[in-house]
2 protein chains.
Amino acid sequence: MPKDTFFNLPDEKRQRVIEAAIDEFAKRSFHDARVTAIAEKAGIPVGSFYQYFEDKKDLFKYIIKLIADEKIAYINQDMIANMQRYGFFQLLRETYASGFRFAKERPQLVAIGLSLWNDKALSHEVYGDYIETSVGFFQRIIAKGIADGELDPSIDPAFVARLLTALTYALADFIYDDGKLDLDDMEIVDKMLRIIENGIKNRTAAIGG
Amino acid sequence: MPKDTFFNLPDEKRQRVIEAAIDEFAKRSFHDARVTAIAEKAGIPVGSFYQYFEDKKDLFKYIIKLIADEKIAYINQDMIANMQRYGFFQLLRETYASGFRFAKERPQLVAIGLSLWNDKALSHEVYGDYIETSVGFFQRIIAKGIADGELDPSIDPAFVARLLTALTYALADFIYDDGKLDLDDMEIVDKMLRIIENGIKNRTAAIGG
DNA sequence: ATATCATATGAATAGAGATTCATATGAAAC
DNA sequence: GTTTCATATGAATCTCTATTCATATGATAT
């Protein structure tokens with residue numbers, strides 16, 4: 001946790017530090033991110049940085065917490081409140097849709113999440129502070145989907161939850177990679193959902209050779 | 001490419017350098033890997049390192065090439081030779097099976113591949129040297145699967161190829177993460193293939209609620 | 001006005017690690 | 001046996017950053 005001095009700062013200055021940190025962590029991994037660059041962008045002396053934070057990791061964990069909070073706020077609250085009314089595939093689609101809106105508005109935050117996801121050691125250390133992750137969320141809606149008879153009861157909820165999480169990151173990953181970021185249409189999401197829902201086997205024609 | 005001095009080395013010494021490099025790159029990302037550690041493990045002075053390689057990246061690219069070659073050699077050659085005879089799902093299963101055997105025998109090489117996959121900037125730089133990647137391989141067998149009427153013709157081959165590649169890495173990822181690495185049984189692969197093939201929708205019971 | 005306290009400041013320190021360099025060695029050529 | 005050339009060697013250099021520290025500032029209380 002940042003020190004009291006950080007929280008005592010005028011809002012505007014505190015915000016500048018947060019934005020500088022997001023900028024830097026979005027561009028570079030935790031390890032490669034530079035305290036000096038953050039201080040410079042925020043317009044504060046390096047010395048002040050250490051008045052506000054224990055060290056670089058202290059700030060990083062704080063930023064991750066902000067991201068998690070913002071992401072949770074972004075998820076369709078109506079959906080969460082009425083989870084019992086929605087079917088699995090509808091919930092899944094809504095979740096991905098929320099994720100896409102979020103990625104569109106806050107691409108930097110998604111980039112930071114992605115690089116954390118790819119650093120397992122750091123993930124463990126950082127997520128140790130939280131109970132809930134996306135894997136946990138998926139696992140719960142899968143369990144519900146099975147209980148409701150909507151999902152194949154022979155699937156392994158923990159396994160599928162992990163797979164769905166990996167897929168969301170894979171998706172984010174290659175949307176960035178292609179440099180398209182054309183997030184207006186949900187086409188790519190629908191493609192993926194169709195595969196998850198129905199697989200890719202051809203069901204309409206005889207198999208030829 | 002390493003310098004001539006490296007290729008002129010006695011086999012045993014050259015091998016020691018390669019193994020030391022694989023050790024280090026498997027434990028640490030390219031960026032975090034230390035030239036000094038590699039030199040020390042290989043039992044050569046740091047100065048010699050720079051007689052053999054331009055720099056750290058020169059060695060890394062060479063190691064990646066070795067891994068790619070070894071991996072290709074590992075893929076069921078019979079399968080490649082008789083690709084026309086096999087169906088898509090059979091090819092996919094064989095591919096994953098080869099991948100698993102490979103991961104079991106050479107876990108370090110898989111770890112290196114994984115960390116490269118997670119560093120997109122570096123991947124581009126390194127894969128620039130190769131024409132063929134796993135994405136390309138998948139794309140070809142998917143195209144064949146569609147042509148043969150085995151796969152849903154409305155899927156997007158490039159997209160699905162990318163998804164299948166991401167899934168293989170996701171799988172490797174959480175096999176390492178769980179620390180299980182119980183690669184004797186293909187259970188986890190079959191779980192994944194079943195989802196790809198059939199999706200996860202329940203087809204045997206009415207949907208209740 | 002002075003004392004006290006929180007905060008600000010940026011130069012100095014420390015450590016890590018890549019890369020260079022001047023020098024040494026040793027084999028083959030003459 | 002001396003010249004030449006490739007290779008070996010590891011100390012010295014260079015760069016980059018995190019972190020510390022001694023000192024300054026400025027507000028509030030007395």
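Heavy atoms only: backbone and side chains are in, while hydrogens, waters and symmetry mates are out. The structure presented is a predicted model; accordingly, all values stated were derived computationally and were not measured. Below, read A as the first sequence line, B as the second, and so on, with proteins coming before strands; counting in each chain starts at 1.
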Between [options], which nucleotide has the shortest distance from any of its atoms to the side chain of [X]?
| X | options | value |
| --- | --- | --- |
| B:Q51 | D:dA8, C:dA8, D:dA18 | D:dA8 |
| A:Y50 | D:dT9, C:dT9, D:dA18 | D:dA18 |
| A:V46 | D:dT19, C:dT19, D:dA8 | D:dT19 |

In whole Å, I'd like the distance from the [atom1] atom of [X] to the [atom2] atom of [N].
| X | N | atom1 | atom2 | value |
| --- | --- | --- | --- | --- |
| A:Y52 | D:dT19 | OH | P | 17 Å |
| B:F53 | C:dG17 | CZ | C1' | 18 Å |
| B:K57 | C:dG17 | NZ | C1' | 16 Å |
| B:F30 | C:dG17 | CZ | P | 14 Å |
| A:F49 | C:dG10 | CZ | P | 17 Å |
| B:L59 | C:dG17 | CG | P | 16 Å |
| A:K56 | D:dT19 | NZ | P | 7 Å |
| B:R34 | C:dG15 | CZ | P | 17 Å |

> Do the numbers put B:K191 on top of the ring of A:F159, so that NZ or CZ is under 6.0 Å from the six-membered ring centre and no more than 45° off the axis?
Replying inline: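 The answer is yes; both the distance and angle limits are met.
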>> Can you see whether B:F30 has B:K56 sitting over its ring - NZ or CZ less than 6.0 Å from the centre and within 45° of the normal?
In response: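 Ring-cation test returns yes.
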>> So, does B:N8 get its side chain near the phosphate of D:dT7, meaning an N or O under 4.0 Å from OP1 or OP2?
In response: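 Affirmative; the distance criterion is met.
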Under 4.0 Å, counting only non-hydrogen atoms across every strand here, what does [X] touch: a base, just sugar-phosphate, or nothing?
| X | result |
| --- | --- |
| B:A39 | nothing |
| B:T5 | sugar-phosphate |
| B:K3 | nothing |

>> Using heavy-atom distances to pick each residue's nearest nucleotide on DNA chain C, tell me which of A:G43 and B:R28 is more 5'.
In response: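 The 5'-side residue here is A:G43.
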>> Quick check on the 6.0 Å ring-centre criterion: do B:F53 and B:F49 meet it?
In response: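 Yes, the ring of B:F53 comes within the 6.0 Å limit of the ring of B:F49, centre to centre.
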> Does A:S29 use its side chain to pair, donor to acceptor, with the backbone of A:D32 at less than 3.5 Å?
Replying inline: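 Such a contact is found between A:S29 side chain and A:D32 backbone.
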>> Ring-plane angle category for B:Y52 and B:F6, please: parallel below 30°, perpendicular beyond 60°, tilted otherwise.
In response: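 Judged by the thresholds at 30° and 60°, the geometry between B:Y52 and B:F6 is tilted.
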